Enquirer: 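Just passing along the structure, written as structure tokens.
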Amino acid sequence: MTDEAGRRRAKLWRSGLTESDGVGLAPRGVTPHYPSDARQGTRMHETTSMGLGHAVALLAAMVVAATLFRRFGLGAVLGYLAAGLLIGPSVLGVVNDPESVLHVAEFGVVMFLFIIGLEMRPARLWSLRKEIFGLGAVQVLACALLLSGLAMAAGLAWPAALIAGFGFALSSTAIVMQLLEERNENAEPAGQRVVSVLLFEDLAIVPLLALVAVLAGTYGSAVGTGHPIWLTIGLAIAAVAGVYAAGRWVVNPFFRLLARYGGREVMTMGALFVVLGAAYAMNLGGLSMAMGAFLAGVLLSESTFRHQLEADVEPFRGLLLGLFFLSVGMSLDLRVVVADWAWVLGGLAAFMTAKMVAVYAVARLRQKHGEGLLRAALMGEGGEFAFVLYSTAFAAGLFDARTAAILSAIVILSMALTPLRVLLADRLRPDEDLSPDDAEGVDHARNLRERVLIIGFGRFAQVVSQPLLARDVDVSIIDMDVEMIQAAGNFGFKVYYGDGSRLDVLRASGAGNAETILVCVDKPEVADRIVELVKAEFPLTKLFVRAFDRGHSIRLVNAGVEYQIRETFESALVFGYQVLIDLGFSDEEARETIEDVRRRDEKRFTLQLAEGIQAGRALMRGNIATTRPEPYVKPRREGQALNEEAADALEEDEPHEKADA
């Protein structure tokens with residue numbers, strides 16, 4: 001069989017036509033994926049041209065699906081997939097050629113990976129090399145071996161089973177990354193490990209395509225279906241080297257030139273040119289287009305144009321990525337599912353279960369149950385590369401049409417079920433906050449007797465501790481964040497585990513013997529509870545408390561603490577002082593202004609203690625002119641201040657009122 005014949009078979013498989021040439025294609029009328037009437041296929045092809053009506057239908061489906069599914073907490077991805085199935089050829093038939101949409105929409109995945117690359121600097125990527133080539137390789141091989149065994153048990157010959165297993169072992173980069181982004185877990189350690197596996201899967205497509213070529217030469221019904229292996233690998237290396245060189249030495253000067261002589265729209269065109277150019281170079285080398293865009297993003301992550309590039313690409317990314325999910329839903333042929341429902345549903349259950357078990361087992365080698373469960377749910381589907389492998393294997397004669405159609409339906413259904421698997425995994429995942437009893441280097445507070453007790457050791461308390469330690473004041477520190485306690489140990493702090501809002505912990509922490517307790521927790525309600533306990537049980541101990549806002553400060557003063565300070569007040573004054581200096585005011589003018597603000601704030605706070613939070617509003621300066629309200633009936637005598645503070649405030653307001661007049 002010639003190269004032309006192989007290409008013709010792949011084209012027929014993708015377009016939905018059928019042919020019976022005696023080399024494994026489905027006989028006419030057997031596989032619903034291929035119309036039995038050639039004229040029917042021609043008619044369908046004639047109706048695939050996309051017009052304005054199709055564009056409106058696609059956008060309407062995306063808008064409605066994303067809104068509804070997010071409204072019910074199911075996520076936009078599942079909505080796009082469902083909407084694609086609805087408007088695709090299997091149901092309403094609004095769009096009869098999903099492949100034409102998919103070809104354009106694939107660039108959404110490309111741009112998505114480019115933006116991910118922009119957020120991952122080269123040093124960060126290098127630090128993930130063990131996860132990429134270690135964890136990634138172990139997971140792909142474990143999944144592929146288990147899935148290939150299942151395929152052989154189902155009756156496939158071992159070459160076809162191997163390709164089926166490796167195809168499903170590669171997860172959907174688009175779906176997994178989108179879900180991670182929606183959950184804001186891209187930068188989390190668990191999310192970074194998932195990204196590392198996806199990067200390895202992108203790299204694995206080259207050797208897997210070479211594997212198809214090797215198997216086709218021995219077991220396939222086609223001959224000469226691809227380049228020699230050495231040429232394939234050489235092209236891949238050349239593509240990576242070309243993108244690296246361009247990103248390192250060409251792109252920054254290119255954008256400097258555009259920024260100097262081009263307009264806003266030229267910069268946008270330049271950004272798209274870089275992304276698509278890198279993707280095209282990788283595609284020529286036989287690698288994933290998404291991998292090329294990701295590499296370009298990493299190389300530009302330290303560029304001065306990084307934020308501009310992200311802003312230019314982001315609108316296209318969102319639209320095309322949604323279109324990609326929509327086209328995947330449209331690609332599901334319900335006729336195949338109905339005709340071979342037992343094979344499709346059985347294969348779906350078997351492949352998904354096997355892959356999730358393998359992913360979970362690999363994750364549990366180093367990580368906890370919760371992360372393993374989430375990773376299995378995220379990566380339990382087949383991905384976009386499965387279509388590439390299956391179509392290549394079909395063209396090489398390793399698959400027949402029916403097998404290819406069934407495997408493709410299984411992959412699409414597994415992709416559609418990913419958001420539901422993640423929702424289920426979230427419900428099943430246990431609360432895995434690190435236990436202080438199991439954590440290394442974490443001790444409970446017991447029999448502490450230092451002069452000062454610090455409760456809560458976040459950013460605020462870490463600064464507060466420095467002047468005390470500089471004067472060799474003995475301090476005890478307790479906190480409830482186990483990971484923070486461990487991290488503080490690396491910087492020379494001994495922090496004990498303890499909940500300062502519990503009386504038994506306060507006793508064990510030496511609250512009864514301490515001269516002063518510093519309450520530095522970030523939650524005002526917790527601080528109020530600690531103050532209440534200390535005042536009731538240890539009335540002789542002085543309390544210095546971090547306040548959240550003015551209302552919290554008022555409550556603390558009323559509770560009788562020795563000292564309270566709003567956590568942002570002093571830093572805001574220093575910040576304002578530096579701004580005045582930068583604007584050209586003298587040091588003396590800036591200091592006088594800051595002191596005036598401080599005095600007015602103190603007077604306002606005093607009024608608020610006596611009259612409530614709304615008091616003293618006239619002491620605040622606003623940036624809009626306000627009129628002084630006049631009474632309807634003029635009073636017979638002038639008002640008098642009830643106390644000295646009020647008199648001072650009235651005297652201070654008089655010059656301002658005269659100036660306004």
Side-chain angles (χ1 to χ4, degrees), residues 184-185 187-190 367-371 426 429-466 468-469 473-538 541-549 552-553 555-556 559 561-568:
N184 294 319
E185 294 180 359
E188 297 293 327
Q367 308 304 326
K368 292 194 172 186
H369 168 68
E371 181 175 337
D426 285 337
R429 289 171 69 196
D431 184 7
E432 290 193 342
D433 290 337
L434 191 58
S435 170
D437 297 322
D438 301 330
E440 182 179 355
V442 178
D443 299 319
H444 286 269
R446 292 188 181 91
N447 302 320
L448 306 182
R449 296 181 178 278
E450 273 68 33
R451 185 178 179 185
V452 174
L453 172 62
I454 300 178
I455 303 176
F457 200 61
R459 293 168 297 171
F460 185 89
Q462 290 166 20
V463 177
V464 169
S465 68
Q466 293 304 291
L468 302 179
L469 296 173
V473 176
D474 293 330
V475 298
S476 299
I477 309 171
I478 63 172
D479 198 285
M480 290 184 61
D481 188 336
V482 175
E483 293 183 358
M484 191 285 303
I485 293 173
Q486 292 177 321
N490 296 329
F491 291 91
F493 292 97
K494 179 58 182 177
V495 182
Y496 294 90
Y497 180 84
D499 181 0
S501 63
R502 289 176 47 181
L503 180 58
D504 59 331
V505 173
L506 288 175
R507 293 186 188 280
S509 302
N513 300 314
E515 179 180 331
T516 304
I517 295 178
L518 313 184
V519 183
C520 301
V521 296
D522 56 0
K523 295 181 179 179
E525 62 274 12
V526 176
D528 291 342
R529 171 63 177 161
I530 295 172
V531 169
E532 181 184 356
L533 278 176
V534 172
K535 282 297 180 182
E537 301 295 331
F538 315 105
T541 304
K542 290 180 286 186
L543 276 168
F544 283 58
V545 187
R546 166 190 180 183
F548 179 75
D549 55 17
H552 190 207
S553 291
R555 295 201 305 271
L556 293 174
V561 303
E562 274 66 30
Y563 183 79
Q564 55 74 34
I565 184 171
R566 280 167 281 152
E567 56 190 7
T568 61

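Note that the coordinates shown come from a computational prediction; the quantities given were computed from them, not determined experimentally. Basis for what follows: all heavy atoms, side chains included, without hydrogens, waters or symmetry-related copies.
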Enquirer: Can you measure from CD1 (Ile455) to CD1 (Ile530) and round to the nearest 0.5 angstrom?
Expert: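 The CD1 atom of Ile455 sits 4.5 Å away from the CD1 atom of Ile530.
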Enquirer: Could you check whether any side-chain heavy atom of Ile477 comes within less than 4.5 Å of a side-chain heavy atom of Asp479, counting everything from C-beta outward?
Expert: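 SC-SC contact between Ile477 and Asp479 ruled out.
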Enquirer: Tell me the closest heavy-atom pair linking Val531 and Ala559, and the distance in Å.
Expert: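 Looking at all heavy atoms of both residues, the closest pair is CG1-CB, 3.9 Å.
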Enquirer: Say you draw a straight line from CZ of Phe548 to CD of Glu567; how long is it, rounded to the nearest 0.5 Å?
Expert: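 These two atoms lie 6.0 Å from each other.
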Enquirer: At what distance, to the nearest 0.5 angstrom, does CG of Asp549 lie from OG1 of Thr568?
Expert: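 Separation between the atoms: 9.0 Å.
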Enquirer: Just by modelled atom types, is the Lys542 backbone N or O under 3.5 Å from a matching donor or acceptor in the Glu515 side chain?
Expert: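 Not confirmed, Glu515 side chain does not pair with Lys542 backbone.
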Enquirer: Does some side-chain heavy atom of Arg546 sit less than 4.5 Å from a side-chain heavy atom of Asp522?
Expert: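 Side chain of Asp522 against side chain of Arg546, heavy atoms only: contact under 4.5 Å found.
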Enquirer: Mark yes or no for whether Thr541, through its side chain, and Ala511, through its backbone, hold a donor-acceptor pair below 3.5 Å.
Expert: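 A pair under 3.5 Å: yes.
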Enquirer: Could you check Glu537 against Leu506 for side-chain contact (heavy atoms from CB on, under 4.5 Å), going step by step and ending with a plain yes or no?
Expert: CA-CA 10 Å; Glu537 301 295 331; Leu506 288 175; over 6 Å; no
Enquirer: With a distance cut-off below 6.0 Å to the six-membered ring centre and an angular limit of 45° from the axis, does Lys494 pair with Tyr496 as a cation-pi contact?
Expert: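 Relative to the ring axis of Tyr496, which defines the angle, Lys494 lies inside both limits.
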Enquirer: What distance do Ser509 atom OG and Leu453 atom CG have between them, rounded to the nearest 0.5 Å?
Expert: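 Those atoms lie 5.5 Å apart.
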Enquirer: So which of Leu543, Leu533, Leu503 actually passes side chain to side chain contact (heavy atoms under 4.5 Å, CB included) with Phe538?
Expert: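 Only one option passes, and that is Leu503.
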Enquirer: Just do the side-chain contact (heavy atoms from CB on, under 4.5 Å) check on Asp528 and Leu556 with the steps written out, would you?
Expert: CA-CA 7 Å; Asp528 291 342; Leu556 293 174; 3.9 Å; yes
Enquirer: What is the minimum heavy-atom distance between Gly500 and Val505, and which atoms define it?
Expert: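 Here Gly500 and Val505 meet closest at N-CG1, 4.5 Å.
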Enquirer: What distance do Phe457 atom CZ and Ile485 atom CD1 have between them, rounded to the nearest 0.5 Å?
Expert: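 So the gap between those two atoms works out to 10.5 Å.
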Enquirer: I need the minimum non-hydrogen distance between Ser553 and Ala547, along with the two atoms involved.
Expert: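 That would be OG-CB, 3.2 Å.
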Enquirer: Is there a side-chain contact between Leu518 and Leu468 (heavy atoms, below 4.5 Å)?
Expert: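 Side-chain contact under 4.5 Å: yes.
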Enquirer: Pair Ile454, Ser465 - check side-chain contact (heavy atoms from CB on, under 4.5 Å), show working.
Expert: CA-CA 8 Å; Ile454 300 178; Ser465 68; 4.2 Å; yes
Enquirer: Salt bridge (charged side-chain N to carboxylate O under 4.0 Å, His left out) between Asp504 and Arg507: does it pass, once the steps are laid out?
Expert: CA-CA 5 Å; Asp504 59 331; Arg507 293 186 188 280; over 6 Å; no
Enquirer: Do you know the tightest heavy-atom contact between Val545 and Ala527?
Expert: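 That closest heavy-atom pairing would be CG1-CB, 4.3 Å.
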Enquirer: Verify, without hydrogens or angle tests, whether Arg429 (side chain) and Gly370 (backbone) share a donor-acceptor contact under 3.5 angstrom.
Expert: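 Yes, Arg429 side chain to Gly370 backbone: donor-acceptor pair under 3.5 Å.
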Enquirer: Is it true that, when you exclude Lys535 itself, more than 12 heavy atoms of the residues, nucleotides or ligands shown sit nearer than 6.0 Å to its NZ?
Expert: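 Count over threshold, so yes.
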Enquirer: Could you state the interatomic distance from CZ (Arg459) to CE (Met484), rounded to the nearest 0.5 Å?
Expert: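 Between atom CZ of Arg459 and atom CE of Met484 there are 12.5 Å.
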Enquirer: Return the minimal non-hydrogen interatomic distance between Met480 and Gly498, and the atom names on each side.
Expert: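 The answer is CG-O, 3.3 Å.
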Enquirer: List the atom of Arg566, the atom of Gln564, and the distance in Å for their closest heavy-atom pair.
Expert: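 Here Arg566 and Gln564 meet closest at N-OE1, 4.2 Å.
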